[in-house]
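As the structure lists them, so they are numbered: ligands from 1, and atoms in each ligand from 1. Keep in mind that the numbers below use all heavy atoms, side chains included, and drop hydrogens, waters and symmetry copies.
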Amino acid sequence: MKKVAFIGLGNMGGGMAANLVKAGHEVVAFDLAEAAIERARGNGASIAASAGEAVAGVDAVVTMLPAGKHVAGVYADSVIGKAPSSAILIDCSTIDVATAKAVAAQAAGAGYTMVDAPVSGGIAAADAGTLTFMVGGSDEGFAKAQPYLEKMGKAVIHAGAAGSGQAAKIVNNMLLGITMAGTCEAFVLAQKLGLDPQTFFDISSKASGQSWSMTSYCPLPGVGPETPADRDYEGGFAAALMLKDLKLAMEAAKEAGAYTPMGGEAEELYQRFVERGGAGKDFSALIKMIDDSWQVPGDA
Ligand code: NAD
């Protein structure tokens with residue numbers, strides 16, 4: 001049994017911490033929100049009065065926070081210098097590559113081993129322990145983090161040096177945003193040209209236009225396998241989170257000097273969709289905005 005500090009027990013962290021408890025670890029939890037603390041207590045974690053208190057004497061620190069500024073703040077104020085230097089530091093939040101690298105460098109400077117380990121998979125996968133982790137850090141960091149991540153996920157992949165986990169995550173999600181926007185456009189155009197949507201799916205999903213967005217996550221209800229489209233776009237990957245990841249990808253592209261016109265276009269589309277009330281809907285609901293004969297969520 002290892003002692004693990006878990007900071008940030010919201011939608012994702014709550015289920016992940018519960019899986020570490022189920023695996024037999026002693027979990028010491030801290031969150032700013034009372035509801036998150038109560039849920040963690042109910043799931044068998046002990047509760048610390050502060051993040052600094054949570055990390056005292058632990059073997060590992062896991063964080064699952066909203067954005068880069070929260071991660072930078074928590075590590076600088078409450079983890080570095082307070083956790084034992086032997087503890088492996090694991091940040092599972094989705095944040096910008098630059099902050100991930102900077103926090104890892106700060107941790108390394110103070111004698112810690114740290115990895116960035118963002119996830120693919122939503123709240124259901126966090127609860128079920130079936131997340132996929134993309135890990136950035138040294139071989140030693142990966143080896144130390146792996147046993148903990150395996151208790152929360154179905155796949156743990158070493159992406160490369162510090163920041164590579166975040167890079168893999170946002171580049172993958174940029175491609176997902178692009179293929180989904182393209183798939184939405186294709187279905188709308190097919191229908192306007194008089195093609196039956198199911199017939200177009202049957203053809204394109206076996207032809208060169210196919211992608212995961214079409215064959216596994218079709219944005220049209222009643223076509224292809226069951227997807228959030230069949231549940232009025234509820235319970236999938238929220239458009240607001242897709243927009244967050246596209247913004248991170250565009251920020252990283254700018255810093256790296258990469259030309260990403262399609263990513264920029266997808267960001268603009270999701271920005272408009274979120275502004276028009278689609279934030280909480282699954283990201284495939286973008287088709288409602290592209291097809292002007294449908295009503296966009298929030299439109300009167
Ligand atoms: P959330 O807002 O539900 O949870 C974040 C938690 O962090 C909250 O409970 C908040 O109170 C806590 N927090 C914020 N600042 C804190 C601080 N200084 N100290 C302690 N606790 C603090 O968010 P979430 O949906 O769980 O997402 C967490 C991360 O996972 C994000 O980076 C998100 O992009 C990523 N992610 C989310 C999903 C998803 O489907 N929700 C999927 C993949 C990745």
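Below 4.0 Å from some heavy atom of Gly121 lie the following atoms of ligand 1, by number and element: 42 (C), 43 (C). Ligand 1 places these atoms under 4.0 Å from at least one heavy atom of Gly122: 40 (O). Using a 4.0 Å cut-off to heavy atoms of Phe30, the atoms of ligand 1 that qualify are 19 (N), 20 (C). When each atom of ligand 1 is checked for a heavy atom of Leu241 under 4.0 Å away, the hits are 34 (O), 38 (C), 39 (C), 40 (O), 41 (N). Of all the atoms in ligand 1, the ones that sit under 4.0 Å from a non-hydrogen atom of Ile7 are 20 (C). The Ala33 neighbourhood of ligand 1 comprises atoms 11 (O), with distances under 4.0 Å to a heavy atom of that residue. Near Gly8, meaning under 4.0 Å from any of its heavy atoms, are these atoms of ligand 1: 7 (O).
Ion pairing of Lys82 with Asp77 is absent here, as no side-chain N (NZ or NE/NH1/NH2) approaches a carboxylate O to less than 4.0 Å. The pair Arg272-Glu275 fails the salt-bridge criterion, with no side-chain N (NZ, NE, NH1 or NH2) lying under 4.0 Å from an Asp/Glu carboxylate O. Salt bridge present: Glu267 and Lys247 bring a charged side-chain N and a carboxylate O closer than 4.0 Å.
Annotation: atom 34 (O) of ligand 1 to nearest protein heavy atom, Lys244 NZ, 2.8 Å. Of the protein's heavy atoms, Val74 CG2, 3.5 Å lies nearest to atom 18 (N) of ligand 1. Closest to atom 35 (C) of ligand 1, if we only count protein heavy atoms, is Thr94 OG1, 3.6 Å. Closest to atom 4 (O) of ligand 1 among all protein heavy atoms lies Gly10 CA, 3.3 Å. At the shortest separation from atom 27 (O) of ligand 1 among protein heavy atoms lies Met12 CG, 3.9 Å. Nearest protein neighbour of atom 30 (O) of ligand 1, counting heavy atoms only, is Met64 CE, 3.1 Å. The protein non-hydrogen atom at the shortest distance from atom 8 (C) of ligand 1 is Asp31 OD2, 3.5 Å. The nearest heavy-atom contact from the protein to atom 16 (C) of ligand 1 is Leu32 CD1, 3.5 Å.
Counting heavy atoms from C-beta on, the side chains of Leu176 and Phe283 come closer than 4.5 Å. Under the 4.5 Å side-chain criterion, counting only non-hydrogen atoms from C-beta, Phe30 is not in contact with Leu9. Met12 places a side-chain heavy atom less than 4.5 Å from the side chain of Leu131.
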* Residue pair Lys169, Asp116: steps toward the salt bridge (Lys or Arg N to Asp or Glu O under 4.0 Å) verdict -> CA-CA 11 Å; Lys169 156 104 192 178; Asp116 50 293; over 6 Å; no

* To do: List the steps, then state whether salt bridge (Lys or Arg N to Asp or Glu O under 4.0 Å) holds for Lys288 with Asp232.
  => CA-CA 11 Å; Lys288 293 196 173 208; Asp232 194 24; 3.8 Å; yes

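When heavy-atom distances to ligand 1 are checked against a 4.0 Å cut-off, Asp245 has no atom that comes that close, whether in backbone or side chain. Contacts between Ala238 and ligand 1 below 4.0 angstrom, taking non-hydrogen atoms only, are absent altogether.
In the model, Asp59 has no side-chain atom that pairs as donor or acceptor with a side-chain atom of Tyr148 under 3.5 Å. Under the 3.5 Å distance criterion, with hydrogens and angles disregarded, a donor-acceptor pair is assigned to the side chains of Ser213 and Thr179. Residues Thr199 and Asp202 have side chains that never bring a donor and an acceptor to within less than 3.5 angstrom of each other. Between the side chains of Lys101 and Gln166, no donor-acceptor pair of N or O atoms lies under 3.5 Å.
In the candidate list Ser120, Gly14, Pro66, Pro66 is nearest to atom 2 (O) of ligand 1, counting heavy atoms.
Using a non-hydrogen distance threshold of 4.0 Å, Lys169 registers as a contact of ligand 1. Not close to ligand 1: Ala51, with no non-hydrogen atom less than 4.0 angstrom away. Cys92 does not count as a contact of ligand 1, since none of its heavy atoms falls under 4.0 Å from the ligand.
For ligand 1, one of its N or O atoms has an N or O atom of Leu65 under 3.5 Å away. At under 3.5 Å, not a single nitrogen or oxygen of His70, backbone or side chain, sits near a nitrogen or oxygen of ligand 1.
Using cut-offs of 30° and 60° for the angle between ring planes, the Phe187 and Phe200 rings count as perpendicular.
Put simply, the side chain of His158 gets close to the backbone of Gly137: a donor and an acceptor are under 3.5 Å apart.
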